[in-house]
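All residue numbers refer to positions in the sequence shown, counting from 1. Since the structure is predicted, the reported quantities are computational estimates derived from the model, not experimental observations.
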Amino acid sequence: MGFPLRDRIALTAALIGPFLAALVLAPFRTSMSGTNLALLLVVVVVAVSAIGNRWAGAVAALSSAAWFDFFLTQPYQRFSIAGTGDVETAVLLLVVGVAVSQLAARARRLRVITITDADHLARIHDTALLVQSATSPDAVVDHVRHQLVDLLHLQRCRFEYGSLLGQPPRLEQDGSTVVGHRRWDVDRDGWPEGEIELRASASGHYSGRFMLLPAPGQPHRARRSRCHGCTPGGHAVLGRRDVPRPRRSEELLR
């Protein structure tokens, strides 16, 4: 599994950015204190962390400490530090850079989660309103089917009414995926092969299931959060007990 383009760009910036910044600051190393120079390099670490992940931020912190040593401390152009104060500054630069990078990456992740959860909540609210107002259960099934296709980037989705057949991979209410009797790490391994079932129930009674076929080549990241957002809609779709056998599966394919 390859890294997303944004993370690759951030990792490149983590390797090159501190080098270029230290090179630009080199003419000022005699007129500025080592602490001020280190603070300017921390800015580079924060910038890399804001566009990348925590690993890119950690690499930027290590790179900043190394180039601070090479360009901005005596003896210059050598990976060696003579002054005790410069040693302390380099160590603090590394520690502060790593800490700041982790905080920046976490803040970015929390922002993504907040936006994603707000979108999931809006979808669930729309589905709940439709369940209350729809005159035909087929309309609710179609609505949730399209929501699932859009939310999980599916190749297709169909609904099966009646008894369970076979033991396909299953998407649980908590957003986890189960294959056989074990949990499947979707973020790490991607979707399991073949169709995945999402069971729908009404008042505790099984009514049917959505059969999900993921589209090939979709990115793995954040799938768990998307799965968690879709399952309430999948289980609430049949909140009515009057669900008849739906139209033929072929008519439910996108």
Side-chain angles (χ1 to χ4, degrees), residues 1-120 175 185-190 217-229:
M1 180 178 63
F3 291 99
L5 177 60
R6 179 169 180 167
D7 288 345
R8 293 200 298 268
I9 293 175
L11 186 58
T12 302
L15 294 171
I16 299 177
F19 168 76
L20 296 177
L23 194 62
V24 170
L25 292 173
F28 306 98
R29 60 195 176 192
T30 58
S31 59
M32 294 180 64
S33 67
T35 302
N36 290 336
L37 294 171
L39 286 175
L40 292 174
L41 289 176
V42 170
V43 174
V44 178
V45 176
V46 174
V48 170
S49 302
I51 65 171
N53 54 28
R54 63 182 69 248
W55 297 110
V59 170
L62 289 169
S63 181
S64 294
W67 295 121
F68 173 79
D69 173 14
F70 189 82
F71 284 113
L72 305 178
T73 65
Q74 294 181 347
Y76 301 125
Q77 280 78 58
R78 291 178 57 188
F79 288 108
S80 175
I81 302 178
T84 303
D86 288 336
V87 173
E88 295 175 351
T89 302
V91 172
L92 287 174
L93 170 60
L94 177 60
V95 173
V96 172
V98 171
V100 168
S101 70
Q102 304 310 296
L103 291 173
R106 179 171 176 80
R108 175 190 162 198
R109 184 171 182 271
L110 289 176
R111 179 175 178 273
V112 171
I113 291 175
T114 300
I115 295 173
T116 303
D117 286 349
D119 178 63
H120 292 168
D185 191 334
V186 178
D187 288 329
R188 185 189 66 192
D189 302 323
Q218 289 297 326
H220 299 167
R221 298 181 64 191
R223 276 180 175 165
R224 177 64 179 265
S225 63
R226 294 201 299 268
C227 293
H228 191 278

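Distance check, rounded to the nearest 0.5 Å: CG of Leu39 to OG of Ser33 gives 8.0 Å. Summarising the geometry, atom CG belonging to Asp69 is positioned 11.5 Å from atom OG1 belonging to Thr89; distances are rounded to the nearest 0.5 Å. A distance of 11.0 Å separates CD1 in Ile9 from CG in Leu11, rounded to the nearest 0.5 Å.
Applying the ring-ring contact (aromatic ring centres under 6.0 Å, His included) criterion to Trp55, with sequence neighbours excluded, gives no partner residue. Looking at residues two or more places apart in sequence or on another chain, you find a side chain to side chain contact (heavy atoms under 4.5 Å, CB included) between Leu40 and Leu25, Met32.
Residue Val59 comes nearest to Ala14 through the heavy atom pair CG1-CB, 3.9 Å, listed as atom of the first residue, atom of the second, then distance. Heavy atoms only, all atoms of each residue included: Pro27 and Val24 are closest at CD-O, 3.1 Å. Listed here is the closest heavy atom pair of Leu15 and Ser63: O-OG, 3.6 Å. Taking each heavy atom of Phe68 and Asp86 in turn, the nearest pair found is CE2-O, 4.0 Å. When all heavy atoms of Ala90 and Ala65 are compared, the closest pair comes out as O-CB, 4.1 Å. Closest of all the heavy-atom pairs between Ser49 and Gly57 is OG-CA, 3.4 Å.
Ring planes of Trp67 and Phe79: tilted class, angle from 30 to 60°.
With contacts defined as side-chain heavy-atom distances shorter than 4.5 Å, the pair Phe70/Arg78 does not qualify.
Heavy atoms from other residues, nucleotides or ligands lying under 6.0 Å from OH of Tyr76 number more than 12.
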**Q.** Check against side-chain contact (heavy atoms from CB on, under 4.5 Å), Leu37 and Leu41
**A.** CA-CA 7 Å; Leu37 294 171; Leu41 289 176; 5.9 Å; no

